[in-house]
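All residue numbers refer to positions in the sequence shown, counting from 1. Every number for a ligand or one of its atoms is a count from 1 in the order of the listing. Quantities reported herein were computed from a predicted structural model and do not represent experimental measurements. As a basis for the values below, the full set of heavy atoms in this structure was taken, side chains included, without hydrogen atoms, waters or symmetry mates.
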Amino acid sequence: MKAFEKNIRKVEPYVPGEQPKRQVIKLNTNENPYPPAPGVSKALMQMDVDRMRLYPDPTASDLVHTLAEYYHVQDEQVFVGVGSDDVLAMCFLTFFNSDQPILFPDITYSFYKVWAELYRIPYECPAVNDEFRIVKEDYYKANGGVIFPNPNAPTSIYENLEFIEDILQHNQDVIVIVDEAYVDFAGRSAIELIDRYENLLVVQTFSKARSMAGMRIGYAIGNATLIKYLNDAKYSFNSYTMNQTSLACGVEAVVDKAYFEEHVSKIKDTREWTKKELAKLGFSFPDSQANFIFATHEKYDAKELFEALKAADIYVRYLGGERIKNYLRITVGTKEEMETLIAFLANYNR
Ligand code: PMP
């Protein structure tokens with residue numbers, strides 16, 4: 001080992017899902033199968049290339065204001081970043097500085113562990129129960145902060161606002177982050193609780209329900225004081241996280257509420273259809289309230305099935321890990337894509 005190695009921060013990175021160059025049925029990274037709202041392509045065509053000489057608006061004020069109006073909050077209650085990964089990383093850096101461990105479920109978004117390791121934040125992972133549900137009482141003990149997705153990923157399970165409030169009631173001295181990447185496919189958002197809990201931050205993304213994973217836009221909504229701390233950290237890191245194109249396109253995606261609702265509802269319909277078909281084929285899965293289904297089959301080895309699907313150009317996600325080694329996470333695509341998947345599965349191992 002070279003002497004300088006000892007001063008290098010070594011991390012085991014998060015492993016993102018594959019982005020194949022070829023055209024495949026892509027059900028592996030929870031993207032939206034539909035294009036973004038039509039206003040987004042108009043905004044793109046109207047981009048003024050000459051303006052690219054200039055730095056973007058560091059406050060991202062148009063996008064912040066559009067989101068604030070949409071959620072009926074003040075501009076000071078909105079923070080935006082380069083996908084919710086950027087927002088969440090900034091939250092870990094800003095809010096999780098206790099000697100006590102932060103808490104997040106053992107089966108959850110695997111990036112939480114990576115950020116905790118990167119920033120050297122102590123953490124504990126209470127086990128979800130046998131049905132993969134978060135046990136809220138596990139979060140009632142002393143801790144340095146709490147974070148969980150709702151719906152949880154990859155389990156797809158959504159908990160109601162009473163559940164979230166119970167956790168908030170027992171954690172008033174630390175920051176509680178609810179990662180709502182998939183909430184639009186589920187139910188009510190915890191945003192309606194931010195006025196009552198000044199320690200609550202709700203994080204959302206444009207990557208799923210708004211069909212803009214490639215643009216990288218995420219945001220946090222909460223008490224203005226928390227948002228100020230987040231902005232202070234951002235300006236101490238990189239003032240211009242969001243580029244001009246993302247800012248302009250993001251605004252258009254938010255204002256077209258009708259398009260948004262129509263396509264979210266299409267995906268939910270396809271999800272319900274897919275659940276029925278998977279059940280008929282003997283698969284079992286938690287009752288998904290997200291845009292993906294976390295499925296297992298007692299007769300099939302999940303890793304083998306993953307490989308067989310891939311060989312047929314149907315990409316799903318195999319995450320592995322002790323408790324979920326026989327599960328596949330299947331993104332809900334278009335109805336046609338799901339029909340192809342179901343037809344493949346119906347003929348598998350016959
Ligand atoms: N949170 C959860 C629970 C996710 O599954 C994802 C998607 N990988 C993200 C956050 C990050 O999404 P993005 O950075 O695209 O907003």
Side-chain angles (χ1 to χ4, degrees), residues 13-19 26-33 36 60 63 67 78-93 102 104-116 118 125 128 132 134 146-159 164 176-187 189-191 201-221 230 234 238 241-243 246-247 249-250 253-254 267 271 286 288-294 315-319 321 324 327-332:
Y14 171 75
V15 184
E18 260 180 278
Q19 295 293 343
K26 196 170 173 311
L27 311 174
N28 68 333
T29 49
N30 296 346
E31 290 141 332
N32 195 309
L63 181 60
L67 285 166
V78 181
F79 174 83
V80 294
V82 186
S84 52
D85 282 343
D86 178 48
V87 175
L88 289 164
M90 207 53 73
C91 288
F92 272 62
L93 178 67
I102 61 164
F104 52 84
D106 65 336
I107 299 176
T108 195
Y109 187 31
S110 56
F111 224 140
Y112 299 161
K113 190 169 160 227
V114 176
W115 288 313
L118 175 66
C125 301
V128 295
F132 291 154
I134 294 172
V146 172
I147 178 163
F148 57 91
N150 194 38
N152 193 7
T155 66
S156 75
I157 299 170
Y158 170 78
E159 300 293 352
I164 308 280
V176 176
I177 301 174
V178 184
D179 174 356
E180 292 191 335
Y182 303 100
V183 78
D184 298 305
F185 305 106
S189 162
I191 290 175
L201 259 185
V202 180
V203 175
Q204 295 195 5
T205 178
F206 282 50
S207 299
K208 316 294 177 184
R210 293 191 190 280
S211 304
M212 287 173 77
M215 271 290 167
R216 312 303 299 126
I217 309 175
Y219 51 102
I221 297 190
L230 266 180
K234 173 194 124 164
N238 173 3
T241 53
M242 309 274 305
N243 67 65
S246 299
L247 291 173
C249 293
V254 179
I267 290 169
R271 174 186 74 201
S288 170
Q289 300 298 309
N291 67 334
F292 56 89
I293 297 166
F294 196 49
Y315 281 48
V316 300
R317 189 93 196 252
Y318 178 73
L319 293 156
I324 56 172
Y327 279 79
L328 295 177
R329 194 193 67 190
I330 305 166
T331 305
V332 177

K234: what forms a salt bridge (Lys or Arg N to Asp or Glu O under 4.0 Å) with it, not counting sequence neighbours? none
Who are the ring-ring contact (aromatic ring centres under 6.0 Å, His included) partners of F185, not counting sequence neighbours? none
Y182 side chain near Q289 side chain, heavy-atom distance below 4.5 Å: no
Contact table, ligand 1 N/O with protein N/O, distance under 3.5 Å:
{"residue": "ligand 1", "atom": "1 (N)", "partner": "D179", "partner atom": "OD1", "Å": "3.3"}
{"residue": "ligand 1", "atom": "1 (N)", "partner": "D179", "partner atom": "OD2", "Å": "2.6"}
{"residue": "ligand 1", "atom": "5 (O)", "partner": "Y182", "partner atom": "OH", "Å": "2.7"}
{"residue": "ligand 1", "atom": "8 (N)", "partner": "Y109", "partner atom": "OH", "Å": "3.2"}
{"residue": "ligand 1", "atom": "12 (O)", "partner": "S84", "partner atom": "OG", "Å": "3.3"}
{"residue": "ligand 1", "atom": "14 (O)", "partner": "S84", "partner atom": "N", "Å": "3.2"}
{"residue": "ligand 1", "atom": "14 (O)", "partner": "D85", "partner atom": "N", "Å": "3.0"}
{"residue": "ligand 1", "atom": "14 (O)", "partner": "D85", "partner atom": "OD2", "Å": "3.3"}
{"residue": "ligand 1", "atom": "14 (O)", "partner": "R216", "partner atom": "NH2", "Å": "2.8"}
{"residue": "ligand 1", "atom": "15 (O)", "partner": "S207", "partner atom": "OG", "Å": "2.6"}
{"residue": "ligand 1", "atom": "15 (O)", "partner": "R216", "partner atom": "NH1", "Å": "2.8"}
{"residue": "ligand 1", "atom": "16 (O)", "partner": "S84", "partner atom": "N", "Å": "2.6"}
{"residue": "ligand 1", "atom": "16 (O)", "partner": "S84", "partner atom": "OG", "Å": "2.6"}
{"residue": "ligand 1", "atom": "16 (O)", "partner": "T205", "partner atom": "OG1", "Å": "2.5"}
{"residue": "ligand 1", "atom": "16 (O)", "partner": "S207", "partner atom": "OG", "Å": "3.4"}

When every non-hydrogen atom of V114 is compared with those of S110, the smallest separation belongs to CG2-O, 3.6 Å
Residue list, ring-ring contact (aromatic ring centres under 6.0 Å, His included) with Y327, at least two apart or on another chain: F132, F294
Please tell me if the side chains of D106 and V128 come closer than 4.5 Å, counting only heavy atoms from C-beta onward. yes
